[in-house]
Protein chains: 2
Amino acid sequence: MTTSFTEENYLKTIYHLNTDENGTVSTNAISESLHTKAASVTDMLKKLADKELINYAKYQGVTLTEIGKQKAITIIRKHRLWEVFLVDKLSFKWDEVHDLAEELEHINSEILINRLDEFLNFPEKDPHGDPIPDKNGILKSQELITVAKMNIGEHGKISGVREHSKDFLQYLEKTGLTLGCEIHIIDKITFDGAVVVGINQIEQTISREVAKNILISL
Amino acid sequence: MTTSFTEENYLKTIYHLNTDENGTVSTNAISESLHTKAASVTDMLKKLADKELINYAKYQGVTLTEIGKQKAITIIRKHRLWEVFLVDKLSFKWDEVHDLAEELEHINSEILINRLDEFLNFPEKDPHGDPIPDKNGILKSQELITVAKMNIGEHGKISGVREHSKDFLQYLEKTGLTLGCEIHIIDKITFDGAVVVGINQIEQTISREVAKNILISL
DNA sequence: TATAATTTTTAGGCTTGTCTAAAAATAGGG
DNA sequence: CCCTATTTTTAGACAAGCCTAAAAATTATA
Ligand SMILES: [Mn+2]
Ligand SMILES: [Mn+2]
Ligand SMILES: [Mn+2]
Ligand SMILES: [Mn+2]
């Protein structure tokens, strides 16, 4: 069965909301995420349930079926591979690729995406540190924690971000908090949750909001 | 003003029909080409006329306005560059790329397409020998004639095709009538229009239908 | 546990792009 | 120049996705 552009965006959104919050996904959460109204979401949920891509019971929230999950993972695979292409081959910056990948992810061809994967040398992570599912839909995710959760004195490597907005990525770029950098916690301000970090021999203070959106591997 | 996926396909079709047949384009020609019904075409023509992308007078056929023409050329540029990418970088065959390019051509980003152009080293032709418009929409087309129009004894180089179907391209591939080959006319059968050609020291007979769809530069 | 607030669904409508059937315009042959 | 065949347009419908307003269900609160 074919899925439309729009249906694919719903599946992907449900997948992300589900793994982030882990449980069933609410109508409102989807509508916020996709910038549509709750009533529109209900309409679509009925359609996706008919196609057996989600498990849906009125008022109870939704989860993806196995098929729906695989579809979502395929879209994510395409999204992330296109991002790698744009950055590695066309020299886009990591903050410039999201919207383009958002369109490219709907190009429908298994051969194309597998060839692209090969052309890019089977990358394991996208430009934001997110893992790329392989052609069988298998996704090996690494245990990462946020800077906000680290303790004074701990060391780690910046390995991902929880927020993909241009604003945020550009801020990280400007302050040198880029993927792969070694970071250590110098101090944590109890008053406002700000964190003083050491990076490239420089001391820097980042807000709690920022600290919550940088992911670290220890 | 933005144009939808569908509107773009109409513009491109009108452009091709117009330059092929040179004059105004009829409702039926468009409907055949796009596999839609004439009534649907009329609806769309009204919309495109409102947007000033075509000149349309009831029952009189249509032509593109300058803006419409530029839009069409941009889509063709994208189509052909993506085809080059698929063949040169992802090792697709020339008969496998058309449908994918048909989707990719609607990805909407000037920067992306200019970066792609650069990445591909500013190719002048696509895998089917068709010229690629430059970033200013300028298209240098070469004078080409069909094999059917050549005379006995004439020589030339295969430089393009007038038919892009998988079937036709695979036939050419199989019989060695590929882009760049030198060809000469050995005989022409008056009965059915078949042409006996010499190619790579081999003598071969091709039907009139095939001869009409191979383009030659003298 | 009753009431209030919030979330979700239903009802009814709109736009885009498609269709079929029927009407209108144009083009061709005698 | 008229009648017929063909082309094109109009009329009316439908599916997909979206919306607003109102109703129903759920959850929170006193
Ligand atoms: Mn998307
Ligand atoms: Mn990413
Ligand atoms: Mn297309
Ligand atoms: Mn081509």
Side-chain angles (χ1 to χ4, degrees), chain A residues 1-14 17-18 20-64 68 71-72 75 102-103 105-106 108, chain B residues 1-14 17-18 20-64 68 71-72 75 102-103 105-106 108:
Chain A
M1 204 189 326
T2 73
T3 41
S4 72
F5 188 107
T6 310
E7 288 168 340
E8 290 185 358
N9 283 336
Y10 273 88
L11 291 176
K12 201 179 55 159
T13 300
I14 294 167
L17 290 170
N18 184 257
D20 283 8
E21 280 148 36
N22 170 56
T24 75
V25 177
S26 73
T27 302
N28 265 0
I30 298 168
S31 90
E32 246 179 70
S33 185
L34 288 174
H35 306 106
T36 56
K37 300 295 154 141
S40 311
V41 173
T42 302
D43 285 347
M44 181 57 84
L45 294 183
K46 285 181 194 158
K47 258 184 57 183
L48 294 174
D50 283 350
K51 291 192 169 189
E52 301 187 54
L53 297 168
I54 60 172
N55 305 113
Y56 171 56
K58 267 190 195 181
Y59 295 101
Q60 299 320 129
V62 293
T63 55
L64 294 173
K71 291 229 179 211
I75 301 156
E102 207 59 48
E103 294 194 50
E105 72 190 1
H106 303 289
N108 200 357
Chain B
M1 206 191 321
T2 73
T3 42
S4 71
F5 189 107
T6 310
E7 288 169 338
E8 290 185 357
N9 282 337
Y10 272 88
L11 291 176
K12 201 179 54 158
T13 299
I14 295 167
L17 290 170
N18 184 256
D20 283 7
E21 280 148 35
N22 170 57
T24 74
V25 176
S26 74
T27 302
N28 266 0
I30 298 168
S31 88
E32 246 178 68
S33 186
L34 289 173
H35 307 106
T36 56
K37 300 293 153 139
S40 311
V41 173
T42 301
D43 285 346
M44 181 55 85
L45 294 184
K46 286 182 195 158
K47 259 184 57 183
L48 293 174
D50 283 349
K51 291 192 171 189
E52 300 187 55
L53 296 168
I54 61 172
N55 305 113
Y56 171 57
K58 265 191 196 176
Y59 295 100
Q60 299 320 128
V62 294
T63 55
L64 294 172
K71 292 230 179 207
I75 300 157
E102 207 61 46
E103 293 194 52
E105 72 190 1
H106 304 289
N108 199 359

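Values below: all heavy atoms of this structure, side chains included; hydrogens, waters and symmetry mates excluded. Chain A is the first sequence line, chain B the second, and so forth, proteins listed ahead of strands; every chain is numbered from 1.
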Task: Residue B:Asn28, side-chain heavy atoms: nucleotide from C:dC19, D:dT8, C:dT9 that is nearest - done: D:dT8
Task: Minimum-distance nucleotide (side-chain atoms of A:Met44 versus D:dT9, D:dC18, D:dA25) - done: D:dC18
Task: Closest nucleotide among C:dA11, D:dT8, D:dT10 to the A:Ala39 side chain - done: C:dA11
Task: Closest nucleotide among D:dC19, D:dT8, C:dT18 to the A:Asp43 side chain - done: D:dC19
Open item on the list: Is there a side-chain contact between B:Tyr56 and the phosphate of D:dT8, meaning an N or O under 4.0 Å from OP1 or OP2?
Closed with: no
- [ ] Taking all non-hydrogen atoms of both residues into account, name the closest pair between B:Thr2 and B:Glu7 and its distance.
- [x] O-OE1, 4.0 Å
TODO: Could you check how far CG of A:Leu34 sits from P of D:dA16, rounded to whole Å?
DONE: 18 Å
TODO: Just call it for B:Thr6: base, sugar-phosphate, or nothing, with non-hydrogen atoms closer than 4.0 Å on any strand.
DONE: sugar-phosphate
Task: Rounded distance (Å) that lies between atom C1' of C:dC19 and atom NE2 of B:His35 - done: 16 Å
- [ ] Output the single nucleotide from D:dT8, C:dT9, D:dC19 whose closest atom is nearest the side chain of B:Thr27.
- [x] D:dT8
TODO: Using whole Å, report how far CG of A:Leu45 lies from P of C:dT10.
DONE: 11 Å
Open item on the list: Taking only side-chain N and O atoms of B:Lys58, does any of them lie within less than 4.0 angstrom of OP1 or OP2 on D:dT10?
Closed with: yes
Task: Residue that, paired with A:Thr36, satisfies side chain to side chain contact (heavy atoms under 4.5 Å, CB included) out of A:Val41, A:Asn9, A:Asp43 - done: A:Val41
Open item on the list: Please report the interatomic distance CD1(A:Ile30) to NE2(A:His35), rounded to the nearest 0.5 Å.
Closed with: 14.0 Å
TODO: Rounded to the nearest angstrom, tell me the gap between atom NZ in B:Lys46 and atom C1' in C:dT18.
DONE: 14 Å
Open item on the list: I need the B:Gln60 CD to B:Thr24 OG1 distance, nearest 0.5 Å.
Closed with: 8.0 Å
TODO: Return the value, rounded to whole Å, for the distance between atom CG of A:Leu48 and atom P of D:dA16.
DONE: 12 Å
TODO: Could you tell me the separation between the CD atom of B:Glu7 and the P atom of C:dT18, rounded to a whole number of Å?
DONE: 10 Å
Open item on the list: Measuring to OP1 and OP2 of C:dT18, would you say a side-chain N or O of B:Tyr10 lies under 4.0 angstrom away?
Closed with: yes
TODO: May I ask you to evaluate whether A:Ser40 reaches the phosphate of D:dC19, defined as a side-chain N or O under 4.0 Å from OP1 or OP2?
DONE: yes
Task: Atom pair distance, as rounded to whole Å: OH in B:Tyr59 and C1' in C:dA25 - done: 4 Å
Task: B:Lys37 side-chain proximity, nearest of C:dT18, D:dC19, C:dT20 - done: C:dT20
Open item on the list: Looking only at the side chain of B:Thr36 (C-beta and beyond, no hydrogens), which of the listed nucleotides D:dT10, C:dT9, C:dC19 gets closest?
Closed with: C:dC19
TODO: Give the rounded distance in Å between these two atoms: CD of B:Gln60 and C1' of C:dA27.
DONE: 12 Å
Open item on the list: Any carboxylate oxygen within less than 4.0 angstrom of a Lys/Arg side-chain nitrogen, looking at A:Lys37 and A:Glu32?
Closed with: no
